[in-house]
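Input: a single structure, listed below in structure tokens.
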2 protein chains.
Amino acid sequence: MHRKKEMVTDKGEQTRSRIMEVALHMFRERGYEETTMRAIAEQAGVALGNTYYYFRSKEQLIQAFYERIHQETFAACRTVLDKERTLQARLLGVMSSMLAVIEPHHHLSGLLFKTAADPHSPLNPFSSESEAVREQSITLFREVVRGSKDRVPADLQTELPTLLWLYHMGIVLFWIHDASLRHARTNRLVDQSVKLVAKLISLAGLPLMGPLRKSVLRLLIEMGGDAEAPEEPRVPDQKDAKG
Amino acid sequence: MHRKKEMVTDKGEQTRSRIMEVALHMFRERGYEETTMRAIAEQAGVALGNTYYYFRSKEQLIQAFYERIHQETFAACRTVLDKERTLQARLLGVMSSMLAVIEPHHHLSGLLFKTAADPHSPLNPFSSESEAVREQSITLFREVVRGSKDRVPADLQTELPTLLWLYHMGIVLFWIHDASLRHARTNRLVDQSVKLVAKLISLAGLPLMGPLRKSVLRLLIEMGGDAEAPEEPRVPDQKDAKG
DNA sequence: GTCTATAACCGGATAGAC
DNA sequence: GTCTATCCGGTTATAGAC
């Protein structure tokens, strides 16, 4: 097996990771806008054009950061999920772990979020490009539910992970805008809202709640089902004709 | 009273609005990124630098667009609120009106949202800069509640407008990512979720729901209270020393 | 084919003359 | 209040070295 496609590696891979490290470091130190591609290149000891050989754009360097964060979060959650057995504790653990991981990156996360908010960005959490990552995250919440000894109505059980994922997105949104010292507000919010969520879930099992629960779930399923199937016919692209 | 501060006007004001009209028009026709400041200037018959005399940045031209949309929405809602008397109908009317107003501006709205997501943007709906607009919006929802003949628990009544405002933000978020034909999905979502919200509100009055409702409200109040008070001491700015 | 370097280009933003 | 001339930084084109 003489690798062909993968001949990239070695020196190339080293250069690549060097650029990324430098970029991440400089982003943290001086902020994103203040860090120029030229500075990154210089600091990494390569020519400007070269950084573009490895990273299609400055934005993509953030994406690399995002993936790193994502992995770290998973690792941190692992510990919690191996230990806790109640839904509330598991959820709290996952949320706290995540917040702990992103804590040192508040500024950069704001940026990330901004890019992610663009419907056309590959980082957008609802886009098809990020489906893999999204699935992974939802699976994490699936495990939160599955591994707990709490009782959850069967129909809710299927959709609950998605709901928790949405909940977690809301918390991140709050965190990004949280200017309080060490994001104390967010931590309080998590502590209290997790309790609330747990309470809500247990209430959902009451017989009285059946119809309401069913409406919510029906709506969720209908909307979530193929949210990304572009029913809108693609308009022929003007630009293609020009090139 | 010989106006001094306001001597801006006349020719200036004309130029200003000409630039804005041209910009909005071009944004709609060719998209934001594809419209250059140079093109706007040319089309408006002024020099590039001059557009910057009136608008501090390209982004600020979007802000102008935002304000226009905002006003249109209010006007559209007025009609509905004068007519409908049930909470559900009023809420549905407001949501539908808003969607109708923004419907032709899907592309631009995505952009707007992206900028708005930036915690540092003045457009950010949670920022102090946009407090006025936010208050205005919440007041709209306050009127939705107040003008209805439905019964709402007193404690909930105070916070409900804020909750509805958050709900409406969620809908907008969904709409921005909705690629379905004429955003049919979003319309369905609104139809159904409005019913759900109405049901939820009436359920909130049940005696059983008292404690739960109280927890939710307590949390909401605590978090909403002074969300923007920056408890974090401002770090001395390195850049200042350099200049 | 993998990688590096140099010189542009392009468009947002600013300075400063008039 | 309007212009011209520049800056600045992300991005691309291109030429060639390994």
Side-chain angles (χ1 to χ4, degrees), chain A residues 1-20 22-24 26-27 30-65 111 114-115 118 120-122 239 242-243, chain B residues 3-20 22-23 26-27 30-65 111 114-115 118 120-123 239 242-243:
Chain A
M1 170 109 83
H2 57 293
R3 46 233 179 76
K4 201 68 154 301
K5 285 248 176 69
E6 303 304 331
M7 207 50 230
V8 190
T9 18
D10 255 41
K11 186 148 157 241
E13 192 53 37
Q14 262 190 327
T15 309
R16 183 194 178 80
S17 75
R18 187 148 32 89
I19 292 172
M20 210 187 87
V22 167
L24 256 50
M26 292 185 81
F27 287 163
R30 322 153 68 97
Y32 180 75
E33 274 85 10
E34 287 67 33
T35 304
T36 71
M37 289 297 271
R38 284 165 175 86
I40 294 172
E42 186 180 4
Q43 195 77 14
V46 296
L48 169 62
N50 205 8
T51 65
Y52 281 93
Y53 178 80
Y54 291 105
F55 298 92
R56 204 180 277 90
S57 68
K58 193 180 180 184
E59 200 178 311
Q60 193 169 316
L61 282 164
I62 298 200
Q63 193 156 355
F65 159 75
L111 221 91
K114 178 185 158 153
T115 4
D118 180 354
H120 298 91
S121 161
K239 272 177 286 187
K242 196 184 72 184
Chain B
R3 48 230 178 76
K4 203 67 156 304
K5 284 249 177 67
E6 302 304 331
M7 207 49 231
V8 190
T9 19
D10 254 40
K11 186 148 157 239
E13 194 53 38
Q14 261 191 327
T15 310
R16 183 195 179 80
S17 75
R18 187 150 32 90
I19 293 171
M20 210 187 85
V22 166
M26 292 185 82
F27 287 163
R30 322 155 67 97
Y32 180 76
E33 274 85 9
E34 288 67 32
T35 305
T36 71
M37 289 298 271
R38 283 165 175 85
I40 294 172
E42 188 179 5
Q43 196 77 15
V46 295
L48 170 62
N50 204 11
T51 66
Y52 281 94
Y53 176 79
Y54 290 104
F55 299 93
R56 203 179 278 90
S57 68
K58 192 180 179 184
E59 203 178 308
Q60 193 170 315
L61 281 163
I62 298 200
Q63 193 158 354
F65 159 75
L111 221 91
K114 177 185 159 152
T115 3
D118 180 354
H120 298 90
S121 162
L123 252 66
K239 272 176 289 186
K242 193 184 74 183

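Numbered from 1 within each chain, the chains take letters A, B, ... in sequence-line order. Just so you know, these numbers come straight off a predicted model, no measurement behind them.
Taking the side chain to side chain contact (heavy atoms under 4.5 Å, CB included) definition, one finds that B:Leu123 meets it with B:Gln63, B:Leu112, B:Ala116, B:Ser121, sequence neighbours left out. The side chain to side chain contact (heavy atoms under 4.5 Å, CB included) search around B:Ser57 returns B:Glu59, B:Gln60, not counting sequence neighbours. With sequence neighbours excluded, no residue forms a ring-ring contact (aromatic ring centres under 6.0 Å, His included) with A:Tyr52. Taking the ring-ring contact (aromatic ring centres under 6.0 Å, His included) definition, one finds that A:Phe55 meets it with nothing, sequence neighbours left out.
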Exercise for the section: Sugar-phosphate means primed atoms, P, OP1 and OP2; the rest is base. With that split, encode nucleotides 3-18 of chain D 5' to 3' as B, S or - using protein heavy atoms under 4.0 Å. Expected result: BB----BBBB------
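Under 4.0 angstrom from either OP1 or OP2 of D:dT2 there lies no side-chain N or O belonging to B:Tyr53. Distances shorter than 4.0 Å separate none of the side-chain N or O atoms of B:Thr15 from OP1 or OP2 on D:dG1.
Straight-line distance from the CZ atom of B:Phe55 to the C1' atom of C:dG12: 16 Å, rounded to whole Å. What separates CD1 of B:Ile19 from P of D:dG1 is a distance of 12 Å, to the nearest Å.
Looking only at side-chain heavy atoms (C-beta outward), A:Ile40 and A:Leu61 come within less than 4.5 Å of each other.
Side chain of B:Arg30 to backbone of B:Thr35: no donor-acceptor contact under 3.5 angstrom is found.
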